[in-house]
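Note that the numbering runs from 1 along the sequence shown for the chain.
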Amino acid sequence: MDLHPLFIHFPIALLSVYSFLELIRYFAAGARWTHTRGVLVITGVIGAFMSLSTGETAEHLFKKAELHAVLEIHSLLANVTTWVYAILAAAYLLLWLQGTTLLQSVPQGFRTPISIGMRIASVITSARIAPVLATLGFLGLLMVGSLGAILVYGPDFDPVTSFMYRLFFGG
């Protein structure tokens, strides 16, 4: 049984809204919603990893040999896109941990790497970097979704899938 279609849409929605909020923050000074953005990207990434897992199973069930190249690119872009968002999610999570007492109980030997990680997380979630990564992630979502539609409905399903098919495979 192919569970992939059941798992893909919720993370796409969460990560799309997250990306939109990052762009609002970039263009509208003072727009924050830090916790909302963090919850959206962390929850979306958890769902995206579940989607990757079910996608691996679906890949083994896929029978259309003529679309195997589409499947490979779809899989690669899904992984890359998930990891772009995972970097953002990890940064938000690290910064949230900074405000807790959990990090106070960390052994002394781990405090320097954690401190470096916190500085990197601050840069990643900054108003200059996070919107760029979110935009790259969103473009990845669009490409992965279009390639997924090609796998399900064929390359001539709509103008977007036709464009994506020609973009990656010519003709």
Side-chain angles (χ1 to χ4, degrees), residues 2-59 61-62 67 70-100 117-118 120-153 155 157-165 167-168:
D2 184 9
L3 296 175
H4 189 59
L6 298 174
F7 283 93
I8 58 173
H9 297 99
F10 194 64
I12 290 170
L14 292 173
L15 295 171
S16 295
V17 172
Y18 162 76
S19 296
F20 179 71
L21 290 178
E22 283 293 359
L23 288 176
I24 288 175
R25 177 172 75 141
Y26 181 77
F27 289 110
R32 296 275 178 219
W33 307 305
T34 303
H35 284 84
T36 303
R37 287 192 321 271
V39 167
L40 287 170
V41 72
I42 290 167
T43 309
V45 164
I46 292 168
F49 278 113
M50 290 171 51
S51 296
L52 286 178
S53 176
T54 60
E56 289 293 322
T57 304
E59 189 173 349
L61 299 172
F62 195 73
L67 293 177
V70 175
L71 179 65
E72 291 300 317
I73 294 175
H74 173 76
S75 178
L76 174 66
L77 285 176
N79 276 284
V80 169
T81 301
T82 299
W83 282 103
V84 167
Y85 282 116
I87 290 167
L88 287 157
Y92 274 100
L93 193 57
L94 247 158
L95 291 178
W96 283 356
L97 289 175
Q98 185 177 20
T100 68
M118 292 294 181
I120 292 170
S122 291
V123 170
I124 289 171
T125 59
S126 71
R128 292 185 186 265
I129 303 297
V132 172
L133 290 174
T135 300
L136 290 173
F138 185 71
L139 292 173
L141 285 177
L142 291 175
M143 289 189 286
V144 170
S146 295
L147 292 168
I150 290 169
L151 293 171
V152 174
Y153 302 110
F157 175 65
D158 63 18
V160 175
T161 57
S162 295
F163 171 76
M164 290 301 289
Y165 190 79
L167 179 68
F168 282 104

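- Every residue two or more places apart in sequence or in another chain that forms a side-chain hydrogen bond (donor to acceptor under 3.5 Å, both in side chains) with Thr161 is listed here: Asp158.
- Minimum heavy-atom separation, Ser51 to Pro11: OG-CG, 3.7 Å.
- In this structure, CD1 in Ile120 is found 11.5 Å from CG in Leu95, a value given to the nearest 0.5 Å.
- For the atom pair CG of Leu15 and CZ of Phe10, the computed distance is 10.0 Å after rounding to the nearest 0.5 Å.
- Side-chain contact between Leu52 and Phe7 is absent, with no heavy atoms from C-beta onward closer than 4.5 Å.
- Rounding to the nearest 0.5 Å gives a distance of 15.5 Å between CZ of Phe138 and CG of Leu133.
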Side chains of residues 141-148: which donor-acceptor partners sit under 3.5 Å, not counting sequence neighbours?
{"residue": "Ser146", "atom": "OG", "partner": "Leu142", "partner atom": "O", "Å": "3.0"}

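- Counting all heavy atoms, side chain and backbone alike, Trp96 lies closest to Val39 at CH2-N, 3.5 Å.
- Checked against side-chain hydrogen bond (donor to acceptor under 3.5 Å, both in side chains), Thr54 has the following partners two or more places apart in sequence or in another chain: His4.
- In this structure, the side chains of Leu71 and Leu151 come closer than 4.5 Å at one or more pairs of heavy atoms.
- Between the CD1 atom of Ile73 and the CD1 atom of Ile150 there is a distance of 9.5 Å, given to the nearest 0.5 Å.
- Residue pairs satisfying the salt bridge (charged side-chain N to carboxylate O under 4.0 Å, His left out) criterion with at least one member in residues 139-153, sequence neighbours excluded, are absent.
- Applying the ring pair (Phe, Tyr, Trp, His ring centres under 6.0 Å) test to Phe157 and every residue at least two apart in sequence or in another chain returns Tyr153.
- Ala121 and Ala91 get closest at one heavy-atom pair: CB-O, 3.6 Å.
- Listed by chain and number, the residues in a side-chain hydrogen bond (donor to acceptor under 3.5 Å, both in side chains) with Gln98 amount to none (sequence neighbours excluded).
- For Phe49, the ring pair (Phe, Tyr, Trp, His ring centres under 6.0 Å) test picks out Trp83, with sequence neighbours left out.
- Around CZ of Phe168, the count of heavy atoms belonging to other residues, nucleotides or ligands within 6.0 Å exceeds 12.
- The minimum heavy-atom distance linking Val45 with Ala89 is given by the pair CG2-CB, 3.9 Å.
- Partners of Tyr165 by ring pair (Phe, Tyr, Trp, His ring centres under 6.0 Å), not counting sequence neighbours, listed by chain and number: Phe169.
- Under the rule for a side-chain hydrogen bond (donor to acceptor under 3.5 Å, both in side chains), Thr81 has no partner lying at least two apart in sequence or in another chain.
- Residue pairs meeting the side-chain hydrogen bond (donor to acceptor under 3.5 Å, both in side chains) criterion with at least one member in residues 120-133: none, sequence neighbours excluded.
- Listed by first then second residue, pairs satisfying side-chain hydrogen bond (donor to acceptor under 3.5 Å, both in side chains) with a partner in residues 7-24 read Tyr18-Glu22, Ser19-Tyr85, Glu22-Arg25, Glu22-Arg37, Glu22-Tyr92, not counting sequence neighbours.
- Considering only residues two or more places apart in sequence or on other chains, Ser53 meets the side-chain contact (heavy atoms from CB on, under 4.5 Å) condition with none of them.
- To the nearest 0.5 Å, atoms OG1 (Thr82) and CE (Met50) are separated by 12.5 Å.
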